[in-house]
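Keep in mind that the numbers below use all heavy atoms, side chains included, and drop hydrogens, waters and symmetry copies. Lettering of chains follows the sequences in order, A, B, ..., and the numbering in each one begins at 1.
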Number of protein chains: 2
Amino acid sequence: MTVKEAEQKRGRGSRRANRVAARSGGAGQNEHLQVPFIRRKIKTYDLLDEESLQKIEQCADRILAEIGIEFREDPETVRLFREAGGVVTPVSEEAWNIRFEPGMLREILKTAPARFTQHARNPKNSVEIGGDAMVFAPAYGSPFIMDMDKNRRYGTIADFENLVKLAQSSPWLHHSGGTICEPTDIPVNKRHLDMVYAHIRYSDRAFLGSITAPERAEDSIEMTRILFGSDFVDQNCVIMGNFNSTSPLVWDGVSTQGIRAYASAGQGSIHLPFLLGGAVSPVTMAGSIAQSLAESMVGCALTQLVRPGAPAILASFLSSMSLRTGSPTFGTPEPALGSLVMGQLARRLNLPLRCAGNFSTSKLPDGQAMQQGMMSMMSAVQCGANYILHSAGFLDGLLSMSFEKFVMDTDMCGALHTYLNGIDVNDETLAFAALAEGGPGEHLFGTAHTLRHYETAYWDTGLNDDQPYESWSEQGGDDAMISANRKWKKILNEYDAPALDTAVDEELKEFVARKKTSMDDAWY
Amino acid sequence: MTVKEAEQKRGRGSRRANRVAARSGGAGQNEHLQVPFIRRKIKTYDLLDEESLQKIEQCADRILAEIGIEFREDPETVRLFREAGGVVTPVSEEAWNIRFEPGMLREILKTAPARFTQHARNPKNSVEIGGDAMVFAPAYGSPFIMDMDKNRRYGTIADFENLVKLAQSSPWLHHSGGTICEPTDIPVNKRHLDMVYAHIRYSDRAFLGSITAPERAEDSIEMTRILFGSDFVDQNCVIMGNFNSTSPLVWDGVSTQGIRAYASAGQGSIHLPFLLGGAVSPVTMAGSIAQSLAESMVGCALTQLVRPGAPAILASFLSSMSLRTGSPTFGTPEPALGSLVMGQLARRLNLPLRCAGNFSTSKLPDGQAMQQGMMSMMSAVQCGANYILHSAGFLDGLLSMSFEKFVMDTDMCGALHTYLNGIDVNDETLAFAALAEGGPGEHLFGTAHTLRHYETAYWDTGLNDDQPYESWSEQGGDDAMISANRKWKKILNEYDAPALDTAVDEELKEFVARKKTSMDDAWY
């Protein structure tokens with residue numbers, strides 16, 4: 001459906017002036033909640049007991065010791081693991097199985113930081129990753145774009161830039177993400193240059209670089225050297241790569257070479273098994289979790305062999321499937337439980353965690369989408385995940401990035417800011433005096449206590465409609481999709497690019513241009 | 001919007017045959033998850049530490065001891081509390097303030113059961129309330145009905161009956177609820193007769209009776225005597241009343257007389273402060289929780305003075321407000337946190353808890369509705385609430401019962417069944433052998449392990465669309481509202497009333513008729 005159709009169908013003609021008025025007056029500002037990243041003040045939701053956690057860890061250890069991990073097309077990675085004690089068995093000319101004695105990877109991982117800072121070009125936006133710190137980043141990797149004006153279509157660099165601008169404009173995201181959509185109008189071998197440039201130019205937050213080829217990873221890092229200076233980059237994390245294993249139990253050479261590129265530059269990396277239960281991992285959640293732990297530990301450990309102390313993020317993406325059709329399902333209950341366990345396991349390993357996000361299989365930003373998104377996102381928040389990719393825009397089983405869902409999700413991310421602040425219990429918040437002031441039967445609207453707290457007591461949505469039915473109906477009777485459609489256009493209209501030093505900008509542009517002319521277009 | 005408009009707007013003509021086909025084949029059956037009530041297998045999410053919990057309890061005790069509760073128009077309740085040690089101060093001719101020494105109510109509450117059974121006329125559907133047992137019941141009390149065919153209108157007894165049928169048809173609810181909507185076409189003083197009859201006739205699950213006047217409470221209980229026999233009713237809980245305090249800190253006579261009626265008959269009662277923070281309770285959540293505990297303990301204690309051992313349910317309905325407009329807000333993060341704390345407090349009191357539900361302020365079953373509903377419902381599930389009223393249909397800040405949201409919510413309740421089963425960790429679920437079978441790089445679709453578990457491994461929705469975009473689009477490209485609209489009509493079409501003994505049915509009808517002719521219509 002398009003907005004025009006949706007408005008026509010309601011038979012209420014064009015928008016009215018008062019519709020805008022109703023949304024002004026600072027709705028959704030919540031300035032007291034705005035932070036460069038969240039410091040979680042609530043306990044994590046620890047689902048499993050010690051015995052169950054140990055069983056999962058022992059199963060992961062057994063997978064690593066008895067089945068092993070297959071490495072492909074990257075002899076250097078094989079060399080590093082062999083030297084560290086891995087038992088290497090050739091599988092073919094370009095593939096090696098490596099088995100790891102129980103405890104070996106945990107020992108290697110001791111040099112990995114439990115918490116680190118990823119610097120943003122605006123120092124106020126630098127984020128911490130690990131411990132009680134939590135960072136929300138947009139969805140990543142969809143080839144398609146959806147909006148209610150043009151339905152589904154392939155993403156372009158123009159969409160990419162608009163999405164970076166939308167992310168930058170939300171106080172409820174902390175990170176610009178990476179492949180916010182695939183810019184399919186740019187050749188595959190040159191895409192990363194435009195993507196990294198867009199993150200730098202249209203956002204002043206931290207971001208992710210390319211992982212699709214080792215030289216693209218190197219280009220991404222090189223561009224941060226222009227931005228931050230080589231010395232700074234050598235000593236600080238300013239970019240990260242998000243790497244997928246090839247489950248089950250394979251790390252391919254493109255990934256391991258990329259991981260080595262980021263690690264040797266002292267940059268961060270995320271080590272993600274994308275586990276579709278019943279397909280590339282066991283159909284029972286305990287087994288998926290054990291496998292996820294095993295595969296991700298291997299990726300993380302590789303970074304420490306390359307450069308001890310390089311930031312590495314344990315990660316998991318647990319998903320289920322419709323076993324009648326084979327379709328993957330997202331935002332379902334079993335992976336939500338699994339994420340809670342991953343939080344426990346990451347803390348036991350003393351590593352930062354990426355997991356879950358605002359997942360959905362819906363093809364529209366409807367009730368299904370937000371129900372599934374909330375179930376999944378709550379699990380990320382409650383498990384204490386430190387870096388939550390896919391916090392905004394995820395639709396269609398990750399095939400589509402939705403402009404409407406993006407702003408719906410960022411509003412939800414705002415609500416999660418106040419959720420993560422928990423409940424303060426002290427004399428002021430217990431408010432005995434406020435209740436005693438009027439006593440039984442007396443409203444508290446005008447008490448001094450209410451006046452002291454009314455601006456910060458409750459989450460103030462910038463999108464959802466909490467008006468009485470009559471006001472809502474008079475203003476057009478819009479559903480959330482339609483409000484969201486208006487919202488993202490308004491945000492893009494009002495967007496101002498953060499200042500960027502002209503010399504740096506020129507040097508970046510020159511780098512991109514030089515790289516682009518150095519090679520022919522390739523579409524793979 | 002109406003379905004017709006929505007289908008027109010998509011420009012895809014009429015429904016296709018394959019749309020139905022795609023939904024057949026047992027989607028959403030999940031027979032392994034069907035239970036008369038849930039036994040929670042996951043830990044509760046315990047938000048606060050011991051010290052904070054004690055502070056809240058001490059504040060509640062101080063409210064009760066120093067401010068006191070006002071009782072109106074029910075001298076018998078005042079007499080009972082005076083005899084039990086309450087300090088009574090007359091406020092007016094028909095109102096008394098009673099203060100309670102710290103510990104006094106807790107002592108009285110020791111005779112209340114931590115867990116009890118509410119019997120259903122079909123013994124297979126009897127529910128346990130308390131401990132690890134959880135019961136989902138439909139939303140309660142909306143004057144309006146919403147559906148996508150006719151938009152918003154006042155509820156009628158025909159709507160009421162249809163909603164009871166919808167509830168009865170869902171395996172994911174366990175209880176028929178009470179005032180599932182207000183049947184506004186029936187005089188107020190006779191409504192309860194038709195409502196109780198509809199619950200008995202169209203459902204074979206447990207239900208709630210009337211609380212709007214003591215004689216209506218008595219009628220409700222009398223009808224269960226016809227159904228179950230007087231002796232059985234005297235010795236067992238077969239009906240409950242849901243009573244609201246008049247916050248802040250008032251219990252009116254209609255409520256306390258009703259509570260006494262249920263308790264003296266040995267029936268259950270729920271004691272609910274409906275706390276709109278900033279209006280009838282402090283604007284800070286800690287204060288709302290303390291007040292909720294104080295008010296609800298008083299109602300529960302009254303039952304024990306009337307008949308020790310009568311079932312009583314501690315309850316809380318915490319809500320926030322838009323402090324720019326004064327509108328109540330539902331499904332927001334602060335009350336979700338508050339519910340987690342209420343779970344802790346109820347367990348410390350050793351009483352069953354009713355709290356939260358599928359709350360929303362949205363006026364349509366859209367993304368906002370389901371996002372808010374999920375946040376609120378998750379808090380009920382995670383806090384270990386035992387009786388969750390408002391599990392299905394709640395829209396428009398409780399002013400409207402939505403047919404579409406009803407079926408969307410019941411599907412979500414199904415997903416929560418599997419969530420509450422948690423994660424089993426054992427050799428079979430860890431599935432080391434399944435992973436070892438193929439080894440690195442080999443899919444697990446056909447392993448013996450996958451085949452053993454594929455029918456029960458994951459929640460299988462009966463409503464959400466998990467198909468690829470292309471299939472979804474070919475089948476009409478519906479959003480969740482439209483699918484839900486079709487779904488509730490299909491369910492009502494296929495509904496079969498559970499058998500009811502003809503003699504009992506006649507006696508019930510006769511009772512209703514006699515009562516109706518015994519009084520003039522009254523509309524208050």
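Neither the backbone nor the side chain of Ser379(B) comes within contact range of chain A; no heavy atoms are under 4.5 Å apart. Interface residue Pro328(B): only backbone heavy atoms are found under 4.5 Å from chain A. Of the two parts of Leu399(B), neither the backbone nor the side chain holds a non-hydrogen atom closer than 4.5 Å to a non-hydrogen atom of chain A. In this structure, the portion of Leu416(B) lying under 4.5 Å from any heavy atom of chain A is its side chain and not its backbone.
Ranking Ala415(B), Ala431(B), Gly278(B) against chain A, the residue ahead of the rest is Gly278(B), based on heavy-atom pairs under 4.5 Å. Counting heavy-atom pairs closer than 4.5 Å to chain B, the top residue among Met370(A), Lys363(A), Glu51(A) is Lys363(A). Highest contact tally toward chain A, considering only Ser288(B), Gly287(B), Ala336(B), Ser360(B), is held by Gly287(B) [criterion: heavy-atom pairs under 4.5 Å].
Atom CZ of Phe445(B) is surrounded by more than 12 heavy atoms from other residues, nucleotides or ligands within 6.0 Å.
Among residue pairs with one or both ends in residues 429-445 of chain B, those qualifying as side chain to side chain donor-acceptor pair (under 3.5 Å) are Asn426(B)-Thr429(B); sequence neighbours excluded.
For Ser327(A) and Ser322(A), the side-chain atoms include no donor-acceptor pair closer than 3.5 Å.
Between the side chain of Trp472(B) and the backbone N or O of Asp478(B), at least one donor-acceptor pair lies under 3.5 Å. A donor-acceptor pair under 3.5 Å is formed between the side chain of Asp366(B) and the backbone N or O of Ala480(A).
In this structure the side chain of Leu444(A) reaches within 4.5 angstrom of the side chain of Pro248(B), judged on heavy atoms.
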